[in-house]
Amino acid sequence: MASYPNCLQYSFEQLQATGFPLKGRWHEDYFHNEHPIVLELGCGKGEYTVGLARRYPEKNFIGIDIKGARMWTGATAALKEQLANVAFVRTHIELIEQFFAPDEVSEIWITFCDPQMKKVSKRLTSTRFLNRYTHIMRPGGLVHLKCDSNFLFTYTEEMAKVNHLEVLASTRDLYSPEAAHDADAHIDWDALRTIQTAYEKQWLARGKDIKYMLIRLWPREEWDEPDVEIPLDDYRSYNRDKRSSLEQHC
């Protein structure tokens, strides 16, 4: 990873000492264009980062994850295909504001992340994280959630409801013929179904429904966490370590 030109790794100590040199300068100093910047958070092997980059050369894509061994797969594929609109950053998502300046990001993808059923503050669609996203996104930026977890999807629905967020599209079964289509949102439903992560393929093989939600995000002064009881997911991945202390885990 350290030898890959499309991968950037900065320790917390480096960030504290000198800051991230590309913050606010991704367009000028890395991509050398003014195309919109799209992030995939918790990108894993980078299937969505690379898949979207192939499909949308008019956008720039950055995959973010702390596990370099996983990102290596996507970074290698991007180098082999000479995809100039792809980069990977190895860091904790909690530090995202260290890497991007206000208004620098246009879209965020959250694909099959840990639902964090025990700790609300660690959920990538929690108000804690959404507030951080507004600090780096252009006003009215888009947040895509694609997941298998009924718990996380229901939580995100409730969070959007109590904060009066604009939900442009929402379906609990992406592959159903009845999946909602919102013509005004200009959603690429074909890309949603054909670009699949390793975990998505696993869930589909196990007969799990794939869920999708698209939210438009605006800066706001206050956020409210939903006060609701949500049934826990009663299954977990075959090849992912238990991601919280709960036995019932996705």
Side-chain angles (χ1 to χ4, degrees), residues 1 7 38-55 61-78 86 88-94 96 107-119 122-126 129 143-157 169-176 179 187-215 230-250:
M1 289 287 290
C7 297
V38 183
L39 309 183
E40 184 191 3
L41 304 182
C43 67
K45 295 180 180 179
E47 295 101 326
Y48 247 85
T49 301
V50 174
L52 289 171
R54 294 184 186 118
R55 197 173 184 98
F61 294 89
I62 303 173
I64 299 176
D65 206 305
I66 192 59
K67 296 188 176 179
R70 292 179 180 175
M71 282 197 297
W72 178 87
T73 302
T76 300
V86 176
F88 289 89
V89 174
R90 186 181 182 188
T91 189
H92 291 285
I93 296 171
E94 286 86 349
I96 194 170
E107 296 181 48
I108 287 176
W109 281 82
I110 302 169
T111 56
F112 300 92
C113 64
D114 183 341
Q116 295 289 352
M117 291 185 284
K118 188 175 183 180
K119 294 186 177 180
K122 290 185 174 292
R123 295 172 200 158
L124 293 187
T125 58
S126 70
F129 275 100
V143 176
H144 305 257
L145 172 65
K146 191 179 182 186
C147 68
D148 58 283
S149 171
N150 182 70
F151 178 90
L152 181 63
F153 194 82
T154 302
Y155 164 79
T156 307
E157 283 184 325
S170 179
T171 177
R172 286 182 172 269
D173 187 357
L174 178 63
Y175 293 91
S176 167
I187 298 169
D188 189 343
W189 293 90
D190 181 61
L192 279 170
R193 295 183 175 104
T194 56
I195 302 174
Q196 298 179 347
T197 72
Y199 284 112
E200 179 172 2
K201 293 174 182 178
Q202 180 186 127
W203 303 133
L204 288 171
R206 294 170 67 176
K208 302 297 182 183
D209 291 337
I210 304 301
K211 301 156 183 63
Y212 172 75
M213 188 183 304
L214 177 62
I215 297 172
I230 304 173
L232 301 180
D233 298 332
D234 59 0
Y235 63 96
R236 55 181 285 197
S237 168
Y238 291 135
N239 53 359
R240 175 181 283 170
D241 292 337
K242 192 162 54 177
R243 293 170 290 173
S244 79
S245 60
L246 294 173
E247 287 298 325
Q248 290 183 307
H249 209 286
C250 176

- request: List in chain and number order the residues that pass side-chain contact (heavy atoms from CB on, under 4.5 Å) with Asp188, two or more places apart in sequence or in another chain; answer none if no residue qualifies.
  value: Arg55, Tyr56, Asp190, Ala191
- prompt: Trp72 versus Phe88: any side-chain heavy-atom pair under 4.5 Å?
  reply: no
task: Sort and list the pairs that fulfil salt bridge (Lys or Arg N to Asp or Glu O under 4.0 Å) and have at least one residue in residues 41-54, not counting sequence neighbours.
output: Arg54-Glu81
message: With a 4.5 Å cut-off on side-chain heavy atoms, are Ile110 and Ile108 touching?
response: yes
- request: Please identify each residue that fulfils side-chain contact (heavy atoms from CB on, under 4.5 Å) with Glu40, with sequence neighbours left out.
  value: Cys43, Tyr48, Thr49, Trp109, Thr111
statement: So CZ of Arg70 and CG of Asp65: to nearest 0.5 Å the spacing works out to 6.5 Å
query: Given Leu39 and Val89, is the side-chain contact (heavy atoms from CB on, under 4.5 Å) satisfied, shown in steps?
result: CA-CA 10 Å; Leu39 309 183; Val89 174; over 6 Å; no
query: side-chain contact (heavy atoms from CB on, under 4.5 Å) between Lys146 and Leu174: does it pass, once the steps are laid out?
result: CA-CA 9 Å; Lys146 191 179 182 186; Leu174 178 63; 3.6 Å; yes
field: Shortest non-hydrogen separation from Lys211 to Asp148 and the atoms involved
entry: NZ-O, 3.3 Å
task: Can you see which heavy atom on Ile93 is nearest to which on Leu124, and at what distance?
output: CD1-CD1, 3.9 Å
message: If you define the side chain from C-beta out and look only at heavy atoms, does anything of Ile215 sit under 4.5 Å from Thr125?
response: no
query: Distance-only, no hydrogens or angles: does the Lys201 side chain make a donor-acceptor pair with backbone N or O of Gln196 under 3.5 Å?
result: no
Cys147 and Tyr212, any side-chain heavy atoms less than 4.5 Å apart: no
message: Tell me whether Asp173 contacts the main-chain N or O of Asp209 through its side chain, where contact means a donor paired with an acceptor under 3.5 Å.
response: no
message: With side-chain contact (heavy atoms from CB on, under 4.5 Å) as the criterion, how do Phe112 and Ser149 come out once you've worked through the C-alpha distance, each side chain's angles and the decisive distance to 0.1 Å?
response: CA-CA 8 Å; Phe112 300 92; Ser149 171; over 6 Å; no
task: Of all the heavy-atom pairs spanning Tyr175 and Arg193, show the shortest one and how long it is.
output: OH-O, 3.2 Å
- prompt: Quick one: are Ile187 and Leu214 in side-chain contact, heavy atoms under 4.5 Å?
  reply: yes
field: Presence of salt bridge, Arg172 and Glu157, under 4.0 angstrom
entry: yes
Heavy-atom closest pair, residues Val50 and Gly74: CG2-O, 3.4 Å
- request: Examine distances only and state if a side-chain atom of Thr154 and a backbone atom of Asn150 form a donor-acceptor pair shorter than 3.5 Å.
  value: yes
- request: Considering non-hydrogen atoms only, spot the tightest contact between Gln116 and Phe151 and give its length.
  value: O-CE2, 4.4 Å
statement: Taking every heavy atom of Met1 against every heavy atom of Gly68, the minimum-distance pair comes out as SD-O, 3.7 Å
- prompt: Would you say Arg123's side chain and Met117's backbone share a donor-acceptor pair under 3.5 angstrom?
  reply: yes
Heavy-atom side-chain contact between Thr171 and Trp189 under 4.5 Å: yes
query: So do Glu200 and Ile210 actually touch side chain to side chain, heavy atoms under 4.5 Å?
result: yes
